[in-house]
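Input: a single structure, listed below in structure tokens.
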Amino acid sequence: MNMSTSKATSDMQQQFHALADFIATRLQGSERFTCWFSGESTDFVRFNRGLIRQPGHVQQANLSLSLIDGQRQARGEFSLSGVADIDRERLTRLVEELRVQLPDLPDDPYLLIATEVQDSTRVVASALPPAGDMVEEILAAAHAHDFVGILASGPLFRGFANSYGQRNWHEIASFNLDFSLYLAGDKAVKSSYAGFDWQGDAFRARYADAAAQLELLRRPAQRIAPGPCRAYLTPTALSEVIGMLGWGGVSEKSLRTKYSSLRRMRDEGLRLHPSIQLAEHTAAGLGPAFQPQGFIKAPRVELIRDGALVGSLISPRTAREFDLQPNGDEGMDAVELAAGTLPQADVLQALGDGVYIGNLWYLNYSDRASCRMTGMTRFASFKVEGGEIVAPLEVMRFDESLYRMLGDKLLGLTRERELLIDSQSYEQRGTGSMLLPGTLVEDFSFVL
């Protein structure tokens, strides 16, 4: 869309509402519609070797339309140009194409859309400095290292409308700096800094921690024998573990069909450590408080309380199938794990002899029914002796159950938590976020 960022911020909502009103004039007979708007005005800067390699700005908006008649629906989408006449012409063609498809589609027995109008508008004023100011601070810190990364910053827009007159709008700005400090070969420290309000002191502290770890990587790497080992998982490493629960773990549909990795918590009463409090906290996240069928998401859904499974995420389709009330979507988008009491500054001392795990990757379930998963250590992970880092850790594979990691083998959670924002930007920036502490675990199982 060819307009300035400030104008896009003020005009996108009006454009969306005008298009939604236009769709209503295209309907025939018993037809209904829902439409979903997603847009962004993003400054992207790619860094390599501590220098800017690719600056750019992406401004885009997309409209997804569902045409509904009875229990049949046809869906289509297109990119908006920002020119009213052009977009209305494209929209007219799309409605006609979907109308042709409808008679050939089967009834959808689980189709459920919101019919009670619940309008909402959430516009959070941007607290971000100009992208150029952030870049200057990044370059000032990065001049002494082979710094590689991407900065993405700016507002995101989401909107919903339907033929019943419901209109919802969500607008919020954030930034995400996903970066690595590269040493040589396969040696690098990966880190990130993300949020809604750039703080130079916080960025420099995060960068200094990464630079200190980079110096530790210069030492010869060591390997430990496979078997149980005391371990500390940073919030970044823990995010990979918690992220696995997004594969149907807290989905009501998956729980009822026995596909969920947490089904034993519901069926057999298994529990995690009493300190585990896990929630989907939409009100504190980056994503909107409404979803593509027009239902309003609960501001906060308790999933695990005092180690017990007490809730789940229920989509409209699941609600229709099992006669329930929807509370959002069944994938986690705003994860929040309660903090513990272990000060971050005392982590190494509390670890004593063991392994400091900075990152994990390649995770998969080795036994879904037991919520057992396997994966590899990555980037800056270290061997610790007597509360001090002594050497980088060679890449190792773990195989461990969540019922142990966050259950009877959990020793503590850090008092400080880190906000991690989804760094994916394929097609559009993601809205996922996690607010997580670090985790101290006894007898973490390494297998290779």
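Because only heavy atoms are used, hydrogens play no part in the values below, and waters and symmetry mates are left out as well, while side chains stay in. This chain uses plain numbering: 1 for the first residue, then up along the sequence.
By the side-chain hydrogen bond (donor to acceptor under 3.5 Å, both in side chains) test, Asp209 pairs with no residue at all, sequence neighbours left out. In this structure Arg397 satisfies the side-chain contact (heavy atoms from CB on, under 4.5 Å) test together with Thr374, Met376, Val447, Leu448, sequence neighbours excluded. Partners of Leu419 according to the side-chain contact (heavy atoms from CB on, under 4.5 Å) rule, which considers only residues two or more places apart in sequence or in another chain, are Phe196, Ile421, Ser433, Leu435. Partners of Ser79 by side-chain hydrogen bond (donor to acceptor under 3.5 Å, both in side chains), not counting sequence neighbours, listed by chain and number: Asn62. Contacts of Leu411 classified as side-chain contact (heavy atoms from CB on, under 4.5 Å), with partners at least two apart in sequence or in another chain: Arg230, Leu440, Glu442.
Of the charged side-chain nitrogens involved, none lies within less than 4.0 Å of a carboxylate oxygen, so that Glu400 and Lys409 do not count as a salt-bridged pair. The existence of a salt bridge linking Asp422 and Arg429 is excluded, since no basic side-chain nitrogen approaches an acidic carboxylate oxygen closer than 4.0 Å. One finds no salt bridge joining Asp267 and Arg264 here, because no Lys/Arg side-chain nitrogen approaches an Asp/Glu carboxylate oxygen to under 4.0 Å. Salt-bridge annotation for Lys253 and Glu321: present, with a side-chain N of the basic residue lying under 4.0 Å from a carboxylate O of the acidic one.
Sequence neighbours left out, not one pair with a member in residues 231-241 passes salt bridge (Lys or Arg N to Asp or Glu O under 4.0 Å). Note on residues 213-222: pairs passing side chain to side chain donor-acceptor pair (under 3.5 Å), not counting sequence neighbours, are Glu215-Arg218, Gln222-Lys383. Sequence neighbours left out, the pairs with a member in residues 142-154 that pass salt bridge (Lys or Arg N to Asp or Glu O under 4.0 Å) are Arg49-Asp146. Listed by first and then second residue, the ring pair (Phe, Tyr, Trp, His ring centres under 6.0 Å) pairs that reach into residues 283-328 are Trp36-Phe290, sequence neighbours excluded. Residue pairs meeting the ring pair (Phe, Tyr, Trp, His ring centres under 6.0 Å) criterion with at least one partner in residues 414-441, sequence neighbours excluded, are absent. Applying the ring pair (Phe, Tyr, Trp, His ring centres under 6.0 Å) test to every pair with at least one member in residues 335-359, sequence neighbours left out, gives these pairs: Tyr232-Tyr356.
Taking the side chain as every heavy atom from C-beta outward, Leu313 and Glu280 approach each other to under 4.5 Å. Arg206 places none of its side-chain heavy atoms less than 4.5 Å from the side chain of Leu177. Using a 4.5 Å heavy-atom threshold, the side chains of Ile242 and Leu406 count as touching. Here the side chains of Phe382 and Leu216 are in contact, with some heavy-atom distance below 4.5 Å. Side chains of Met396 and Arg223 form a contact here, defined as non-hydrogen atoms less than 4.5 Å apart.
The 12-atom threshold is exceeded at CZ of Arg256, counting heavy atoms of other residues, nucleotides or ligands nearer than 6.0 Å.
Ring-centre distance between Phe446 and Phe398: not below the 6.0 Å cut-off. Checked against the 6.0 Å centroid criterion, the rings of Phe179 and Phe147 qualify as a close aromatic pair. For Phe160 and Trp169, the gap between ring centers reaches or exceeds 6.0 Å.
Inspection of the Tyr259 and Arg368 side chains reveals an N or O donor paired with an N or O acceptor under 3.5 Å. Residues Ser192 and Asn176 have side chains that never bring a donor and an acceptor to within less than 3.5 angstrom of each other. No side-chain N or O of Asp346 forms a donor-acceptor pair with one of Gln344 less than 3.5 Å apart. Between the side chains of Thr318 and Glu330, at least one donor N or O sits under 3.5 Å from an acceptor N or O. The closest side-chain donor-acceptor pair between His145 and Tyr182, if any, does not fall under 3.5 angstrom. Glu40 and Thr42 form a side-chain donor-acceptor contact under 3.5 Å, judged by distance and modelled atom types alone. Judged by distance alone, the side chains of Asp197 and Gln199 do bring a donor and an acceptor atom under 3.5 Å apart. For the residue pair Asp399 and Ser445, no side-chain donor N or O sits within less than 3.5 Å of a side-chain acceptor on the partner.
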Distance-only check: which donor-acceptor pairs under 3.5 Å involve side-chain atoms of residues 305-312, not counting sequence neighbours?
| from | atom 1 | to | atom 2 | distance (Å) |
| --- | --- | --- | --- | --- |
| Arg305 | NE | Glu302 | OE1 | 3.3 |
| Arg305 | NE | Glu302 | OE2 | 3.2 |
| Arg305 | NH2 | Glu302 | OE1 | 3.0 |
| Asp306 | OD1 | Gln277 | NE2 | 2.8 |
| Ser312 | OG | Glu252 | OE1 | 2.4 |

